[in-house]
Q: 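Here it is: the structure, laid out below.
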Number of protein chains: 2
Amino acid sequence: MDLRSIKYFIALANELHYWNTAAKMNITQSALSRQIQSLESELNVVLFDRNKRNVKLTPAGSFLKQKWEVELNELDFIHNFARQIHLGERGTIKIAHPDSISASIMPDLLATISSEFPKLQIELVQVLYENQQAFLSNYKIDLAITRDTNNTSGIKSTKIYTDNLALVVPEDHPYKTIKDVSTLSLAEQRFILPTIDEGSSYGLIIQNFFKSFDVVPEVYLQSEFGSTIIALVKKHLGIAILPDSYLHHESTGLRFIKLPFETDLYINWRADDHNPVLSNVLNLILKKL
Amino acid sequence: MDLRSIKYFIALANELHYWNTAAKMNITQSALSRQIQSLESELNVVLFDRNKRNVKLTPAGSFLKQKWEVELNELDFIHNFARQIHLGERGTIKIAHPDSISASIMPDLLATISSEFPKLQIELVQVLYENQQAFLSNYKIDLAITRDTNNTSGIKSTKIYTDNLALVVPEDHPYKTIKDVSTLSLAEQRFILPTIDEGSSYGLIIQNFFKSFDVVPEVYLQSEFGSTIIALVKKHLGIAILPDSYLHHESTGLRFIKLPFETDLYINWRADDHNPVLSNVLNLILKKL
DNA sequence: TTTATTAATGATTATTTTGCATTAATGGAT
DNA sequence: ATCCATTAATGCAAAATAATCATTAATAAA
């Protein structure tokens, strides 16, 4: 049963006149007549009471007109919706991102995405470093923003941002600029550092910093979460090394001393993910870069 | 867009294999492939992610599968329902009937109809005599049971029942049988009679009764509704003449004296009404007669 | 590297739909 | 009553659409 013939039927049910309806539908009266006939024979329902002069809906026809109008509308809506999904304008995307950028580049990024695709639902997730890759592979997240490149096959990565490392100290700390930092004084500091995983390139950069001063830091506290680290520094429990982007967080009572070491931000996604939502968002991010 | 191709789509979405699906649907793989392609191009939505080896639903395809399954079910239900209406098994019929038969032949009639067409909805209406014809013509009722034949063009009538008139008196009334009734005593009675309309054949019969006794009755109360009349007779406010079928009503405290005058029952319907529900019901009634 | 599997596609055939011309029924006008 | 205009159905030919068969091309597995 063709939806087109149902549309013809509804038009005829409104006009109750074959010639007029056929004209409106841009077909001949003959074609319309046969369309209705085939509908009737397919349904085994007489739709119109008609003689050579008059056309009138039967009770069954009147019932079907009512119902079909609703159904056609519904289908129309569904098809439009599907088209939006196809175009990547609808749907959901789950993005994991590190805490450090939640106040700096994330707000910009989200604003851009949602102004370009206002119907898109974005879910933000904080995922522990060790789980990120698995979550991506298992479709628990669609996009991961990380400070490490991903070497897994099936996952693609691109660098999207670079920021400096900064030494984070309380406002009353003797370190005012980079020039105050020396091997001697560094060795006396107590450090609060992120949990550094084996082979993490982010961890490597931090190690490089210490190596450049030929110091092995006293690390007495570790946390995965930057906001925790910041709170601890504020309470004079130590000093920290964090990406510069934390400056965007609430940072009164703290001093960020920019260091000549850079840390990169990458986005990671499944190479074989053809979800149009993802490619749209990806394109947008890469275009903005 | 053909519903058949949507069914193919759903089958393929379940199988995710063209050859198997084509076999199940009794078409060739080539035909199925082209059906899906034409669906996709008509919708402007890619339904499956596929290469020469694998078939997988796209997000839009998966959405459509869900939605279309529901819609197809709905349509199926609608079409079946329409078929039943067509066959006159479903739908509604509105029947007007006089009060007098609501306890005698109506229950039988309704039982017959609803056992034959259990899905039929029957609406019973009490319509004032003067409105009956107009209501029928204006499609407010489909079937009118009356005590008068209908002379309007476009309305068909058939007699379905005949019953006797009866004199209705309180149990303690001196009239015990027809033999007690005389011109002299009749003239002393106070009568409660139905509102008698100009040209009503039912009214004519009642007039004939009085004429046969050469009496002009004292009518001091008139009511359209038999049950009201009966209540009044019970309270000794007068005596009445009613169709015998009122005997089936609650009638303790009353005596029905059968009179040698008959009143007929007719059914009336629109001559041009092709509603299958009506013709079914009509056939049933006429067959039972 | 070879083989088996499998979706797509070109060419042909079959089916369905359409348009044109005509027919037959019917309501209204004379 | 009769004729006329209107209008839905229909026979036939043409056009459009869909199906089949045979083949191709990609690819996962042996």
Side-chain angles (χ1 to χ4, degrees), chain A residues 1-58 60-62 64-65 153-154 270-274, chain B residues 1-58 60-62 65 137 153-154 270-274:
Chain A
M1 188 177 320
D2 202 315
L3 294 188
R4 201 169 47 111
S5 54
I6 296 182
K7 280 175 194 145
Y8 290 160
F9 162 77
I10 289 174
L12 179 57
N14 286 321
E15 292 283 328
L16 294 178
H17 192 289
Y18 275 75
W19 285 90
N20 296 350
T21 307
K24 274 198 183 171
M25 299 280 110
N26 294 312
I27 51 170
T28 58
Q29 173 268 325
S30 153
L32 178 60
S33 174
R34 284 183 235 259
Q35 286 276 352
I36 301 297
Q37 284 171 27
S38 85
L39 252 188
E40 289 185 322
S41 73
E42 196 169 354
L43 284 169
N44 279 313
V45 169
V46 177
L47 299 171
F48 294 99
D49 251 343
R50 50 205 190 272
N51 50 38
K52 299 250 166 194
R53 201 81 194 161
N54 290 304
V55 183
K56 201 173 133 246
L57 277 169
T58 61
S62 156
L64 280 173
K65 187 202 166 208
S153 81
R270 288 179 294 278
D272 64 345
D273 191 335
H274 294 143
Chain B
M1 190 176 321
D2 202 316
L3 294 187
R4 200 169 48 111
S5 53
I6 296 183
K7 281 175 194 146
Y8 290 159
F9 162 77
I10 289 174
L12 179 58
N14 286 320
E15 291 284 328
L16 294 178
H17 192 288
Y18 274 75
W19 284 91
N20 296 350
T21 307
K24 273 200 184 171
M25 298 281 111
N26 293 312
I27 51 171
T28 58
Q29 173 268 326
S30 157
L32 178 61
S33 174
R34 284 184 233 262
Q35 286 276 352
I36 300 296
Q37 284 170 27
S38 86
L39 250 188
E40 289 184 321
S41 74
E42 195 169 356
L43 284 169
N44 280 312
V45 169
V46 177
L47 300 171
F48 295 99
D49 251 342
R50 50 203 190 272
N51 50 38
K52 299 249 166 196
R53 202 79 193 161
N54 290 303
V55 182
K56 198 173 134 247
L57 277 169
T58 61
S62 158
K65 188 203 167 209
S137 300
S153 81
R270 288 178 294 277
D272 64 345
D273 192 336
H274 294 143

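Quick note on labels: first sequence line is chain A, next is B, and so on, each numbered from 1. Only a predicted model underlies this, so the values are computations on that prediction, with no experimental measurement involved. Basis for what follows: all heavy atoms, side chains included, without hydrogens, waters or symmetry-related copies.
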Q: State which residues pass side chain to side chain contact (heavy atoms under 4.5 Å, CB included) with B:Thr28; sequence neighbours excluded, sorted by chain then number.
A: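 In terms of side chain to side chain contact (heavy atoms under 4.5 Å, CB included), with neighbours along the sequence ignored, B:Thr28 is linked to B:Ser30, B:Ala31.
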Q: For residues 19-41 of chain B, pull every pair meeting ring pair (Phe, Tyr, Trp, His ring centres under 6.0 Å), keeping only residues two or more places apart or in separate chains.
A: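 Sorted pair list comes back empty.
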Q: Please list residues of residues 6-13 of chain A whose heavy atoms come under 4.0 Å from any atom in DNA chain D, ordered by number; otherwise none.
A: none
Q: Who passes side chain to side chain donor-acceptor pair (under 3.5 Å) against B:Glu42, sequence neighbours left out?
A: none
Q: Compile the donor-acceptor pairs under 3.5 Å between side chains in residues 2-9 of chain B and protein atoms, sequence neighbours left out, one pair per line.
A:
from: B:Asp2; atom 1: OD1; to: A:Met1; atom 2: N; distance (Å): 3.1
from: B:Asp2; atom 1: OD1; to: B:Arg4; atom 2: N; distance (Å): 2.9
from: B:Arg4; atom 1: NH1; to: B:Tyr8; atom 2: OH; distance (Å): 2.9
from: B:Ser5; atom 1: OG; to: B:Asp2; atom 2: O; distance (Å): 2.7

Q: When you check every protein heavy atom under 4.0 Å of nucleotides 19-28 of chain C, what one-letter string (B, S, -) results, 5' to 3'?
A: BB---BBBS-
Q: Checking B:Asn51 now: which residues fulfil side chain to side chain donor-acceptor pair (under 3.5 Å) with it, not counting sequence neighbours?
A: none
Q: Sequence neighbours left out, what passes side chain to side chain donor-acceptor pair (under 3.5 Å) with A:Thr21? Give chain and number order.
A: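 Testing A:Thr21 for side chain to side chain donor-acceptor pair (under 3.5 Å), a comparison that skips the adjacent residues, returns none.
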Q: In residues 35-47 of chain A, which ones come under 4.0 Å of DNA chain C, going by heavy atoms?
A: A:Gln35
Q: Under the side chain to side chain donor-acceptor pair (under 3.5 Å) rule, collect the residues that match up with A:Gln35, sequence neighbours excluded.
A: none
Q: Scan residues 14-38 of chain B for pairs that pass salt bridge (Lys or Arg N to Asp or Glu O under 4.0 Å), counting only residues two or more places apart or in two chains.
A: B:Glu15-B:Lys24
Q: Report the end-to-end axis angle of the helix from C:dT1-D:dA30 to C:dT30-D:dA1; each axis comes from five terminal pairs, and the value is rounded to 10°.
A: 20°
